[in-house]
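All remarks here apply to the structure that follows.
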Amino acid sequence: MEQSSQSFGRRDLLRGLTIGGAALALTVRNESPITSAQAAPRSDFAKTQGLKVGAVLETLSHPLIKVWGDYLAIEGKGFGMQVSVQDGERNVQKQTSQMEAFITQKVNFIVLQATDAAGLSPAVRKAEEAGIPVITLNQNVAQVHTGFVGMGHRAMGVQVADGIAAQLGGKGNIVLLQGVEATGANIERVAGFRDELKKYPGLKIVADQSAAFDRKKGHDVFETILKGQPKVDAVFGVNDEMAIGAAQASVEAGRRAGIKFWGADGELDMLKGIMAGTVDGVSAIDVLLIPRTVMFLGAWLMTARVSGNSLAGQIEIPPYAVTKANVDKVAMPPA
Amino acid sequence: MLHPRVTGAFRALRSYGLLAALIAMGLGLAVTAPGFASVGNGADMLRDLAILGIMAVGETLVIIGGGIDLSVGSILMLAGILSDNLVRGLHFGPFVAVPLVLAASTLVGLINGLLVARARIPAFIVTLAGLYAIRGVALSLYRHDVTSVADALISDPTFLLLGQGDVLRVPINVLIFLLVLGAGHGLLRRTRFGLHLYAVGGNELATRLSGIDVERVRLATFTMSGFCAGLSGVVLASRLQTGAPEAGLGAEFDVIGAVVIGGASLLGGRGTLVGTLVGAAFIIVLGKGQSLLGVPANYQSFARGVVILLAVVLDGLAQRRRLISRVITRGPRTGSVSPAASYPGEARIRP
């Protein structure tokens with residue numbers, strides 16, 4: 001139709017478009033009875049109103065996770081859902097027990113931020129077998145389940161390795177502060193980081209310890225490492241909290257200058273720290289995307305009548321590297 | 001009041017009171033907590049009870065002997081992580097791995113016992129040090145080889161039966177618990193060792209003077225506690241399909257709580273495994289009920305504290321009556337060996 005209209009004048013083109021448009025409209029109208037026949041009658045639409053959602057989070061004493069808990073409830077309320085948020089206290093048994101309670105109460109779906117990728121797997125399997133879809137939030141589990149929404153953790157590890165290499169010119173001593181070792185985020189971020197470091201033979205990991213994703217522990221562990229390591233050029237805190245804690249320890253030890261501090265997540269304190277120059281870089285995402293996407297996915301699953309034992313999708317939100325050069329251009333989270 | 005049988009009746013009344021409180025709480029939760037009175041929840045609670053209960057059996061023996069074992073949570077952690085390393089990491093079959101893990105846990109218990117009984121260091125200090133030291137060893141053995149979420153699981157099907165399997169719809173870990181409980185009960189009630197244990201906890205000096213090897217009895221209790229905590233750790237690793245390092249953190253408090261609620265005296269010489277069973281059930285039912293009611297974590301913790309305190313206050317009242325009776329009669333400290341009063345060996349443990 002396009003080709004023929006070129007050989008006619010403008011009026012013909014208009015006419016052609018009109019006829020084409022009308023034909024298109026007719027086709028659509030002709031099809032419309034079929035579509036409405038396929039769709040269920042309006043009164044039978046699955047609703048999100050009044051659905052019960054159980055959310056089991058890693059801990060509520062981490063600023064970012066606290067915000068995620070609040071936003072799960074807020075977003076859920078927007079869909080008319082009741083969201084019950086439980087503090088998992090970074091304990092597998094506690095989280096398992098909370099999952100079991102939600103299964104017993106027959107909630108419509110469960111949001112889980114697993115503190116142990118293996119340890120929560122039996123509970124996830126149990127929920128899915130009971131017909132309750134599980135969406136894991138940022139911390140994946142080994143058991144195959146309905147949905148995952150989280151950061152692209154492996155990519156974050158790669159990004160931090162590249163960022164540190166760029167700032168150090170490919171040469172230096174690195175301290176790795178790991179989080180809770182059994183979590184999906186820690187496993188994948190560390191794996192990505194180590195893989196990417198192989199590209200930079202001049203970068204060496206001189207200390208590798210766990211500080212359990214905690215600011216205070218990050219401070220304490222790095223304080224000790226500093227005493228034993230005369231030369232540290234960069235620190236990768238596998239989450240922001242540990243990087244912030246470690247940076248504080250370096251200030252107290254009078255060794256802030258000459259050490260680059262990198263984290264991963266993108267929480268408010270970290271971005272503020274980059275602006276103020278207390279830390280040096282982070283692999284981040286817009287953190288509010290996570291609770292929003294989780295609740296959207298939940299609403300979609302419910303209206304699509306997905307009921308456990310299915311694999312609906314894995315959404316990995318791609319991270320971006322933030323340094324002093326671009327920190328004024330990124331989204332600022334509430335915490 | 002002065003006769004041991006009378007104080008025995010008082011204790012019995014207390015433990016029946018506890019049982020009545022447990023039943024009342026269960027009934028209350030069945031009405032108020034959604035889903036509490038369901039078959040699924042019953043099975044969940046039994047599995048939780050098994051893991052806490054196996055540890056509590058060993059702890060009860062230690063406490064009756066006048067000791068305390070604060071290291072059970074760390075031994076549980078160690079056993080879980082060892083199981084994980086052997087079964088998942090090194091692909092050992094469960095028939096090799098489980099005995100190895102149990103042997104290691106028993107050895108840890110034995111070391112605790114040697115330090116308490118032979119080196120004469122107070123049990124509180126030994127096992128507090130153990131709590132930290134064993135945790136350190138466990139964490140240093142913790143998996144560092146996992147590079148993707150998918151290969152983090154223990155998947156040996158035979159090993160998984162321990163924590164997840166059923167026999168005739170009864171969870172296997174519950175059967176293991178009943179076996180351990182039965183063995184412990186028999187040991188306390190039907191053997192000379194049991195008799196000696198109450199005597200050691202009740203009046204160490206008198207027991208020593210009557211020619212019983214007090215150290216050996218103590219050593220045995222800590223060794224058995226190590227074994228029980230290790231067994232509990234193996235079962236938990238099978239249930240969670242991993243050795244979870246934080247699973248043991250604070251477990252010692254639930255265990256000691258269960259034993260104390262169950263009527264054992266921290267001063268030694270008193271306690272039964274039936275009481276411990278009820279005490280452990282109390283802790284599990286309370287926790288599960290609160291979880292189902294959606295009680296916030298800090299209130300859950302608060303309520304648990306209040307329950308333990310109430311149990312200990314009751315215990316204190318019972319103790320005081322006993323002490324008063326002693327002062328009045330100026331008699332020997334025989335009250336504490338009264339659980340053994342009906343046994344033929346009674347005469348031998350009196351000074």
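Excluded from the calculations below are hydrogen atoms, water molecules and symmetry mates; all remaining heavy atoms, backbone and side chain alike, are included. Numbered from 1 within each chain, the chains take letters A, B, ... in sequence-line order.
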message: If I measure from the heavy atoms of chain B, does A/R154 come under 4.5 Å with its side chain, its backbone, both, or neither?
response: side chain
- prompt: Given that the side chain runs from C-beta out, which part of B/D48 has a heavy atom under 4.5 Å from chain A: side chain, backbone, both or neither?
  reply: side chain
field: Among the listed options A/S84, A/A130, A/S97, A/A123, the residue most often paired with chain B at heavy-atom distances under 4.5 Å
entry: A/S97
Engaged part of B/A150 at the chain A interface, taking heavy atoms whose separation is under 4.5 Å: backbone
Options B/D151, B/T242, B/V149, B/L249, ranked by heavy-atom pairs under 4.5 Å with chain A, top entry: B/V149
- request: For chain B, find which of A/Q86, A/Q105, A/E100 contributes the most heavy-atom pairs closer than 4.5 angstrom.
  value: A/E100
query: Less than 4.0 Å between a side-chain N and a carboxylate O, is that true for A/D116 and A/R90?
result: no
query: When only pairs under 4.5 Å are counted, which of B/S38, B/A33, B/S148, B/G40 shares the most heavy-atom pairs with chain A?
result: B/S148
message: I need the residue from A/N140, A/L60, A/T115, A/V92 with the largest number of non-hydrogen atom pairs under 4.5 Å to chain B.
response: A/V92
message: Which atoms of A/T96 are under 4.5 Å from chain B, going by heavy atoms: the side chain, the backbone, both sets, or neither?
response: side chain
- request: Take A/K66 and A/E241 through the salt bridge (charged side-chain N to carboxylate O under 4.0 Å, His left out) test and state the conclusion after the steps.
  value: CA-CA 13 Å; A/K66 178 78 175 61; A/E241 287 288 294; over 6 Å; no
message: Tell me the closest heavy-atom pair linking A/V141 and A/S121, and the distance in Å.
response: CB-OG, 4.0 Å
A/V85 versus chain B, the contacting section by heavy-atom distance below 4.5 Å: neither
Options A/A191, A/A117, A/P122, A/S210, ranked by heavy-atom pairs under 4.5 Å with chain B, top entry: A/P122
task: Taking only Lys NZ, Arg NE, NH1 and NH2, and the carboxylate oxygens of Asp or Glu, determine whether A/E128 and A/R125 approach each other closer than 4.0 Å.
output: no
- prompt: Under the salt bridge (charged side-chain N to carboxylate O under 4.0 Å, His left out) criterion, do A/K126 and A/E129 qualify, and how do the steps go?
  reply: CA-CA 5 Å; A/K126 195 170 168 186; A/E129 278 169 3; over 6 Å; no
Atom of A/S283, atom of A/Q159 and distance for their closest heavy-atom approach: OG-OE1, 2.6 Å
- prompt: Do you know which two heavy atoms are closest between B/D69 and B/S225, and how far apart they sit?
  reply: OD2-OG, 2.8 Å
Contact class of B/I154 relative to chain A, heavy atoms under 4.5 angstrom: neither
field: Interface moiety of A/R189 toward chain B, non-hydrogen atoms closer than 4.5 Å
entry: neither
Interchain contact, B/L160 with chain A, by part (heavy-atom threshold 4.5 Å): neither
message: To the closest 0.5 Å, what do you measure between OG1 (B/T127) and OH (B/Y132)?
response: 11.5 Å
B/F282 to B/M25 - nearest heavy-atom pair and separation: O-CE, 3.7 Å
